[in-house]
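Notes follow the structure.
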Amino acid sequence: MRRRLLLLPALLVAWTVIPLAHAYAQGGGGGGDDDTSKKKRDSEWNLRQAPLPGQKNAGPCPYVKVLYDAARYEEFKDGQEASNSVGYTGEIEGVAAQCAYRTTDPIKVNMRLTFELGRGPQATESKKTYTYWVAVTHRNRAVLAKEYFTLPVSFPAGKDRVTLTDDVNGIVIPRADATVAGDNFEILVGFDVTPQMADFNREGKRFRINAGAAAAGGGGASGGR
């Protein structure tokens, strides 16, 4: 699923690789080359460099992180932290990002998030809509922007775990001038969790649904990281 964050269009950076032709060395014949053959050889070997459509960034990209307190989503029936009380679970498994900016241009970022989502013994439906957020911060300072996204999920019959990817394109971070590099900013992602879920994550606890566990009435639990 592709999304846009903010209102400016995403900048997709394409790098074009120009393959070099194979060169074959020729042994010298001891003065047998005339001016015509020399010019021909020079034209074949001294190739002009074609201009590339892309340029390197003016500096590093923003830091992209999953907020630990919101990295997992755990629902428990009646608040009981037990494997047979698990409803729906979720975990942000990975975040990939690319950025582009030059001179005084704003920083433009595209992201792809990978989610692993589970359905426990207390889940009552085969469908669930999760909510997650993306925030841009001035590193170690203020939050500049934060937006929420919904992630609808359908669990196929007989499956209690699915993996999904979601794209967030068009994150635009203005820069005051050309000296402001991307590493002055952070992009944080996380589930929209309750205070109880945040405490659960902060303490390093984790319940993960094993395939088929819902039918058996149990789930897997493990300690923190």
**Prompt:** Which residues satisfy the side-chain contact (heavy atoms from CB on, under 4.5 Å) test with Asp177, sequence neighbours excluded?
**Reply:** Thr179, Val180

**Request:** Please name all residues satisfying side-chain hydrogen bond (donor to acceptor under 3.5 Å, both in side chains) with Asp192, sequence neighbours left out, ordered by chain then number.
**Result:** none

**Leu67-Tyr148 co-clustered via ILVMFWY side chain contacts under 4.5 Å** = yes

**Message:** Is the terminal nitrogen or CZ of Arg175 (NZ for Lys, CZ for Arg) located under 6.0 angstrom from the six-membered ring centre of Tyr101 and within 45° of that ring's axis?
**Reply:** no

**Test item: Ile173 and Pro62 side chains (from C-beta on) under 4.5 Å apart, heavy atoms** = yes

**Prompt:** Minimum heavy-atom separation for Phe200 to Glu74, with atom names?
**Reply:** CE2-CG, 3.6 Å

**Request:** List the atom of Pro106, the atom of Val172, and the distance in Å for their closest heavy-atom pair.
**Result:** CB-CG1, 3.8 Å

**Request:** For residues Gly170 and Asn110, report the shortest heavy-atom separation together with the two atoms involved.
**Result:** N-OD1, 3.1 Å

**Prompt:** Is a side-chain N or O of Arg119 found less than 3.5 angstrom from the main chain of Glu125, in a donor-acceptor match?
**Reply:** yes

**Prompt:** Which residues satisfy the ring-ring contact (aromatic ring centres under 6.0 Å, His included) test with Phe115, sequence neighbours excluded?
**Reply:** Tyr132, Phe191

**Prompt:** Can you list the steps and then say if Val162 with Val153 is a side-chain contact (heavy atoms from CB on, under 4.5 Å)?
**Reply:** CA-CA 8 Å; Val162 296; Val153 180; 3.5 Å; yes

**Item:** Pairwise side-chain contact, Met111 with Ile171, heavy-atom cut-off 4.5 Å (strictly under)
**Value:** yes

**Request:** Supply the atom-to-atom distance Phe76 CZ to Thr89 OG1, rounded to the nearest 0.5 angstrom.
**Result:** 9.0 Å

**Complete:** In terms of heavy-atom contacts, Ala181 and Asn184 come closest through O-ND2, 3.0 Å

**Complete:** Distance col, row Leu144:CG vs His138:NE2, nearest 0.5 angstrom, shows 7.0 Å

**Lys65 side, atom NZ; Thr137 side, atom OG1 - distance, nearest 0.5 Å** = 8.5 Å

**Asked** Got Tyr130 and Leu117 here, is their nearest side-chain heavy-atom distance under 4.5 Å?
**Response** yes

**Request:** Please answer whether the main-chain N or O of Ala198 pairs with a side-chain N or O of Asn201 as donor and acceptor at a distance below 3.5 Å.
**Result:** no

**Prompt:** How many angstroms lie between atom NZ of Lys108 and atom CZ of Arg102, to the nearest 0.5 angstrom?
**Reply:** 9.0 Å

**Asked** Side chains of Trp133 and Glu147: does their closest heavy-atom pair fall under 4.5 Å?
**Response** no

**Message:** Contact between Ile187 and Tyr63 at the side-chain level, heavy atoms closer than 4.5 Å - yes or no?
**Reply:** no

**Request:** Could you state whether Met197 and Leu151 fall into the same hydrophobic cluster, counting links through intermediate Ile, Leu, Val, Met, Phe, Trp or Tyr residues with side-chain heavy atoms under 4.5 angstrom apart?
**Result:** yes

**Prompt:** Minimum heavy-atom separation for Tyr68 to Arg72, with atom names?
**Reply:** OH-NH2, 3.9 Å

**Message:** Between Lys128 and Glu75, does any NZ, NE, NH1 or NH2 come within less than 4.0 Å of an OD or OE carboxylate oxygen?
**Reply:** yes

**Prompt:** What residues form a side-chain contact (heavy atoms from CB on, under 4.5 Å) with Gln122, not counting sequence neighbours?
**Reply:** Lys77

**Prompt:** Is there side-chain contact between Ile92 and Thr114, with at least one heavy-atom pair below 4.5 Å?
**Reply:** no

**Message:** Measuring from atom CG of Asp166 to atom CZ of Arg112, what distance do you get when rounded to the nearest 0.5 angstrom?
**Reply:** 9.5 Å

**Message:** With rounding to the nearest 0.5 angstrom, report the CD to OG1 distance, Glu91 to Thr163.
**Reply:** 10.5 Å

**Request:** In sequence, state the C-alpha distance, the side-chain angles, and the governing distance for Gln196 and Asp199, and then conclude on side-chain contact (heavy atoms from CB on, under 4.5 Å).
**Result:** CA-CA 5 Å; Gln196 292 76 18; Asp199 290 341; 5.6 Å; no

**Message:** I'd like to check Phe149 versus Val168 (side-chain heavy atoms, cut-off strictly below 4.5 Å). Are they in contact?
**Reply:** yes

**Message:** In the structure I gave you, are the side-chain heavy atoms of Leu113 and Val66 within less than 4.5 Å of one another anywhere?
**Reply:** no

**Asked** What closest approach, in Å, do Pro121 and Ser83 show between heavy atoms, and which atom pair accounts for it?
**Response** CG-O, 3.6 Å

**Complete:** By side-chain hydrogen bond (donor to acceptor under 3.5 Å, both in side chains), Asp183 pairs with (sequence neighbours left out) none

**Message:** Going by the rule side-chain contact (heavy atoms from CB on, under 4.5 Å), which residues pair with Pro195 if we only count those two or more places apart in sequence or in a different chain?
**Reply:** none

